[in-house]
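Sequential numbering from 1 along the given sequence is applied to the chain's residues.
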Amino acid sequence: METKEVIYQLRTKKGLSQEELAEKIYVTRQAVSRWETGETIPNIDTLKLLSKLFDVSINTLLGSPRELVCKCCGMPLNDSDLGKEADGNFNEEYCKWCYADGEYTLDVWKCYVELGGREMFEEFKKRLVKEINALLEIEGLPQIENLNVLPGEFVNIEYTLPNGRLVKFLDDDKTYLGSQLEGSLGDRCIGVAAGMDFILICSYEANGENPELIIYKKR
């Protein structure tokens with residue numbers, strides 16, 4: 001869609017008249033009308049106000065001309081995945097797991113900083129893949145080829161210990177490097193999660209059901 005169509009749809013979805021929208025973002029009704037006829041587009045400051053009001057990215061307001069990708073973890077970005085500045089505005093360069101409230105807060109970004117940038121981080125991942133595959137080989141399991149950035153809330157599975165106690169080894173609010181090997185053990189998948197100081201390997205059924213811990217190793 002073009003910007004004129006995006007603004008019209010967002011305005012009407014929110015139940016605002018052109019005049020009401022104009023009042024909220026400090027422009028004239030005529031300015032809103034010109035946007036919706038395609039005569040003009042909002043300037044950058046007004047786009048920021050529209051973005052915050054409608055809770056969509058500037059990229060969306062402009063008709064999504066770019067494919068947004070997180071510069072930290074490489075994750076493709078939709079509006080619901082975008083990080084935000086301290087004032088609530090979207091940051092369209094990072095995902096919400098790597099950047100929140102105006103700060104780089106999660107472990108993956110810290111890896112970049114500690115290791116000296118993206119190139120060194122990629123070298124670290126290659127070494128980690130070798131370590132993980134050595135463990136998988138011992139267990140007679142398939143090998144992994146790469147590690148992706150995984151938000152903790154997606155991979156923090158609860159395991160049942162032999163004494164019946166339920167435990168989680170990860171943190172919902174952190175990010176990890178990991179991979180999934182589907183159908184590796186019949187109807188079970190192999191999951192790998194790792195950080196700077198540990199490696200975790202587990203198996204589970206569809207949707208993470210009935211997980212079993214295979215290896216938890218400090219590095």
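The two residues S57 and D79 come nearest to each other via the heavy atoms OG-OD1, 2.7 Å. Nearest heavy atom pair, residue V167 against residue R165, reads CG1-NE, 3.7 Å. For E137 against Q143, the heavy-atom pair with the smallest separation is N-NE2, 3.7 Å. In plain terms, the two heavy atoms of T3 and G63 that are nearest each other are OG1-N, 4.4 Å. The shortest non-hydrogen separation linking P142 to L136 is O-CD1, 3.2 Å. In terms of heavy-atom proximity, P211 sits nearest to E158 at CG-O, 3.3 Å.
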Begin from the C-alpha positions of W35 and T40 and carry the test side chain to side chain contact (heavy atoms under 4.5 Å, CB included) through to its verdict.
CA-CA 5 Å; W35 300 339; T40 62; 3.3 Å; yes
Intermediate values then yes/no, salt bridge (Lys or Arg N to Asp or Glu O under 4.0 Å), R66 and E92
CA-CA 10 Å; R66 298 177 294 146; E92 301 187 19; 2.9 Å; yes
Between K126 and E123, is a side chain to side chain contact (heavy atoms under 4.5 Å, CB included) present by the stated rule, with each step listed?
CA-CA 5 Å; K126 289 177 183 178; E123 288 299 317; 3.7 Å; yes
Applying side chain to side chain contact (heavy atoms under 4.5 Å, CB included) to L147 and I132, what does each step give before you reach the verdict?
CA-CA 10 Å; L147 294 168; I132 293 169; 4.0 Å; yes
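A donor-acceptor pair is defined here as one N or O able to donate and one able to accept, closer than 3.5 Å; no such pair exists between the side chain of T175 and the backbone of L150. Between the N43 side chain and the D45 main chain, a donor and an acceptor come within less than 3.5 Å of each other. Looking at E139, its side chain never comes within 3.5 Å of a backbone N or O of I214 through a donor-acceptor pair. Side-chain N or O atoms of R11 include one that pairs as donor or acceptor with a backbone N or O of L16 at under 3.5 Å. Checked by atom type and distance alone, the side chain of D81 never pairs as donor or acceptor with a backbone atom of C95 at under 3.5 Å. In this structure, the side chain of E5 engages the main chain of E2 through a donor-acceptor pair within 3.5 Å. A side-chain donor-acceptor contact under 3.5 Å links R219 to the backbone of M196.
Residue F154 places its CZ atom among more than 12 non-hydrogen atoms of other residues, nucleotides or ligands, all under 6.0 Å distant. The number of heavy atoms from other shown groups lying within 6.0 Å of NZ (K24) does not exceed 12. The number of heavy-atom neighbours closer than 6.0 Å to CD of E205, taken from other residues, nucleotides and ligands shown, is above 12.
Within the 4.5 Å cutoff, side-chain heavy atoms of L21 are placed close to those of F54. Residues F90 and K48 form no side-chain contact, since every pair of their non-hydrogen atoms from C-beta on lies 4.5 Å or further apart. Within the 4.5 Å cutoff, the side chain of I25 has heavy atoms near those of the L50 side chain. Looking at P42 and I7, their side chains come closer than 4.5 Å, going by heavy atoms from C-beta outward. A 4.5 Å side-chain heavy-atom check between L49 and L53 finds every atom pair outside the cut-off. Within the 4.5 Å cutoff, the side chain of L61 has no heavy atoms near those of the I41 side chain. At least one side-chain heavy atom of N133 sits under 4.5 Å from a side-chain heavy atom of I144. By the 4.5 Å heavy-atom criterion applied to side chains, Y204 and N210 are not counted as neighbours.
Salt-bridge formation is not detected for the pair K4/E36: no Lys NZ or Arg NE/NH1/NH2 atom is positioned less than 4.0 Å from an Asp or Glu carboxylate oxygen. A salt bridge links K84 with D55; the closest basic N to acidic carboxylate O contact falls under 4.0 Å.
Across N78, N59, T60, a single residue satisfies side-chain contact (heavy atoms from CB on, under 4.5 Å) together with L68, and that is N59.
A donor-acceptor pair shorter than 3.5 Å can be found between the side chains of D87 and N89. One side chain, T37 or E39, offers a donor N or O that lies under 3.5 Å from an acceptor on the other.
Using bins of under 30°, 30° to 60° and over 60° for the plane-to-plane angle, the ring pair F198/Y176 lands in the perpendicular bin.
Taken to the nearest 0.5 Å, the CZ atom of R34 stands 9.5 Å off from the CZ atom of R29.
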